[in-house]
There are 2 protein chains.
Amino acid sequence: MRWQDIDQQPCSVARSLAIIGDNWTLLVLRDCFLGVRRFDDFQQRLGVTRHVLSDRLRKLTEGGILDKVAYQQRPVRHEYRLTSMGRDLYPVIVHLAQWGDQYLADDHGAPLTRIHKQCEHTLQAQLHCSHCGETVAAQDIRVEENTGFEGKILQARVQDTAG
Amino acid sequence: MRWQDIDQQPCSVARSLAIIGDNWTLLVLRDCFLGVRRFDDFQQRLGVTRHVLSDRLRKLTEGGILDKVAYQQRPVRHEYRLTSMGRDLYPVIVHLAQWGDQYLADDHGAPLTRIHKQCEHTLQAQLHCSHCGETVAAQDIRVEENTGFEGKILQARVQDTAG
DNA sequence: CACCATGAGTTCCAAATTGGAACTAACTGA
DNA sequence: TCAGTTAGTTCCAATTTGGAACTCATGGTG
């Protein structure tokens, strides 16, 4: 199976990754959340080659994650802004950053701190259950296949060893 | 800059993605969280070619995310299990899945439901501030460069347009 | 006017990676 | 002896990437 066909899988993770799971795309989004909007700024910060960046920005725009808007005329120049669909990916970036802070930081510690403007405290993201309020880890979750997907996602050996 | 050098950036997102940001790797992890542990099961479920899967599993193992343990002798066969470092990536997968459920589901709706075993309710993950308890969106966060990283991550235009 | 600069790409080509298929190794069981 | 299982490795053609140069529209400077 080719990578560009993974959005055919009956899986929301696969469909998400079909748009943003490409090698440079999540780094582009990291920069979007830091306020980067222009082609050359992305290019210099990421060090990605220009045609790869061009391709990734086009895919993000077509996917509804970025909006390409003109910021001047004569000559027309565009910048890329997160849509609300794009901004909803923020939890993914935050958890990636926190995981990196925890496990991959070097001697200098975490490079960035994220501060919650409303309360002025450092953001410590946790997965928690919106019903009971408890913190949730992987082993606290059970998955069920919804109507129409029975047997399509989980299989015999998978269910036996899930944990 | 080559993709394999991005872990040189002073950024936890970049360092995380250097290990798991590769095209098939997050899908491998999705299956790990569903209980998949064996080479051929990953291969059949993902449709990825065998040498790419072999390479990804090796990198995940070297990165400390998976543990390669023998489940039988004669002949020795191994399976891949998430380490605690690997299990801590669960919030990333859950948010990717929820984002896909919300924006990319087809007529049949979300394929899977995640249920919190302790309270038996569907998991609805939200980013929230552990200090004040409020739900947090991208625009509620301000970033600050930590000691030793001043000026290395944010630059003039970036700060101006951050939002 | 001629010339350089800016921003956002596109084009070219060599090098690296992927996809697909076949092959290997180390056994087990019939 | 022969087929089957599991976890890979090897091979090659096709695709993608990295690096550098080039284009296009326009503005500013001497």
Side-chain angles (χ1 to χ4, degrees), chain A residues 1-9 17-18 21-28 31-32 36-62 66-81 155-158 160-161, chain B residues 1-9 17-18 21-28 31-32 36-62 66-81 155-158 160-161:
Chain A
M1 181 184 279
R2 289 176 296 277
W3 170 256
Q4 55 260 55
D5 297 331
I6 57 157
D7 59 350
Q8 301 306 310
Q9 292 193 13
L17 292 175
D22 220 316
N23 282 38
W24 291 94
T25 303
L26 278 163
L27 276 185
V28 171
D31 272 5
C32 290
V36 179
R37 292 182 179 175
R38 298 193 186 172
F39 189 92
D40 278 22
D41 290 337
F42 286 113
Q43 203 274 316
Q44 285 167 42
R45 290 173 55 90
L46 299 176
V48 64
T49 54
R50 304 177 75 81
H51 60 317
V52 170
L53 177 60
S54 173
D55 176 75
R56 297 300 187 276
L57 288 171
R58 187 179 49 74
K59 283 179 183 158
L60 285 170
T61 305
E62 287 172 359
L66 296 180
D67 218 1
K68 185 177 180 177
V69 295
Y71 67 87
Q72 72 167 40
Q73 305 292 328
R74 286 194 316 279
V76 181
R77 300 219 189 287
H78 299 90
E79 60 181 17
Y80 297 89
R81 297 187 190 204
Q155 281 135 32
R157 184 150 64 204
V158 168
D160 289 338
T161 61
Chain B
M1 179 184 277
R2 289 177 297 277
W3 169 256
Q4 54 261 56
D5 297 331
I6 56 157
D7 58 352
Q8 301 306 310
Q9 292 195 12
L17 293 175
D22 220 316
N23 281 36
W24 290 94
T25 302
L26 278 163
L27 275 185
V28 171
D31 272 4
C32 289
V36 179
R37 293 182 178 174
R38 298 193 186 172
F39 189 92
D40 277 23
D41 289 337
F42 286 112
Q43 201 274 319
Q44 283 168 44
R45 290 173 57 89
L46 300 175
V48 64
T49 55
R50 302 177 77 80
H51 61 318
V52 170
L53 177 61
S54 173
D55 176 75
R56 298 300 187 275
L57 289 171
R58 187 179 49 73
K59 283 179 182 159
L60 286 170
T61 304
E62 288 171 359
L66 295 180
D67 217 2
K68 186 176 180 176
V69 295
Y71 66 87
Q72 71 168 39
Q73 305 291 330
R74 286 193 314 279
V76 181
R77 299 221 188 286
H78 299 91
E79 60 183 14
Y80 297 89
R81 297 190 191 202
Q155 281 134 30
R157 183 148 68 207
V158 168
D160 289 336
T161 60

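Just so it is clear, the structure is predicted and the values come from calculations on it, not from any experiment. Residue numbers begin at 1 in each chain, while the letters A, B, ... track the order of the sequences. Computed over heavy atoms, backbone and side chain alike; hydrogens, waters and symmetry mates excluded.
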Value in whole Å for how far the P atom of C:dT18 lies from CH2 of A:Trp3: 11 Å

With sequence neighbours left out, write down each residue that passes salt bridge (Lys or Arg N to Asp or Glu O under 4.0 Å) with A:Arg77, or none if nothing qualifies. none

So, do A:Tyr80 and A:Asp41 sit near enough that their side-chain heavy atoms are less than 4.5 Å apart? no

Length of the line joining A:Gln44:CD and C:dA8:C1', which is rounded to integer Å: 12 Å

Which sits closer to the 5' end of DNA chain D, B:Arg2 or B:Asp40, going by the nucleotide each is nearest to? B:Asp40

For nucleotides 24-30 of chain C, which of its nitrogen or oxygen atoms have a protein nitrogen or oxygen under 3.5 Å away, and what is each distance?
| unit_1 | atom_1 | unit_2 | atom_2 | d |
| --- | --- | --- | --- | --- |
| C:dC27 | O3' | B:Arg74 | O | 3.4 |

Test item: A:Arg37 and A:Tyr71 side chains (from C-beta on) under 4.5 Å apart, heavy atoms: no

DNA chain D-proximal residues of residues 49-61 of chain A, any heavy atom under 4.0 Å: A:Thr49, A:Arg50, A:His51, A:Arg56

Indicate whether OP1 or OP2 belonging to C:dG19 is found under 4.0 Å from a side-chain N or O atom of B:Trp24. yes

Start with the C-alpha gap between A:Trp24 and A:Leu57, add the side-chain angles, then the distance that decides, and say whether side-chain contact (heavy atoms from CB on, under 4.5 Å) holds. CA-CA 10 Å; A:Trp24 291 94; A:Leu57 288 171; over 6 Å; no

B:Gln43 CD to C:dT18 P: how many Å, rounded? 15 Å

Between A:Gln43 and A:Val48 (side chain of the first, backbone of the second, donor and acceptor by atom type, cut-off under 3.5 Å), is there such a pair? yes

How many Å lie between NE2 on A:His78 and C1' on C:dT6, as a whole number? 16 Å

Can you sort out the partners of A:Asp5 under side chain to side chain donor-acceptor pair (under 3.5 Å), two or more places apart, ordered by chain and number? A:Arg2

Most 5' of B:Val48 and A:Lys68 on DNA chain C, judged by nearest nucleotide: A:Lys68

Would you mind reporting whether A:Asp55 and A:His51 have side-chain heavy atoms less than 4.5 Å apart? no

Does the side chain of A:Ile6 reach to within under 4.5 Å of the side chain of A:Met1, using non-hydrogen atoms? yes

Mind checking B:Gln4 for me? I need base, sugar-phosphate or nothing, with any heavy atom below 4.0 Å counting as a touch. sugar-phosphate

When you compare the side chain of A:Arg81 with that of A:Val69, does any pair of heavy atoms fall below 4.5 Å? yes

Does A:Phe42 have A:Arg56 sitting over its ring (NZ/CZ under 6.0 Å from centre, angle to axis within 45°)? no

Looking for any heavy atom pair under 4.0 Å, which part of the strands does A:Tyr80 touch: base, sugar-phosphate only, or nothing? sugar-phosphate

Does C:dA8 have OP1 or OP2 sitting under 4.0 Å from an N or O in the side chain of A:Tyr71? yes

A:Arg37 CZ to C:dA8 P: how many Å, rounded? 13 Å

Can you give the first and last nucleotides of DNA chain D, 5' to 3', that have an atom under 4.0 Å from a heavy atom of chain A? D:dT6 to D:dG27

Checking A:Ser54 now: which residues fulfil side chain to side chain contact (heavy atoms under 4.5 Å, CB included) with it, not counting sequence neighbours? A:Phe39

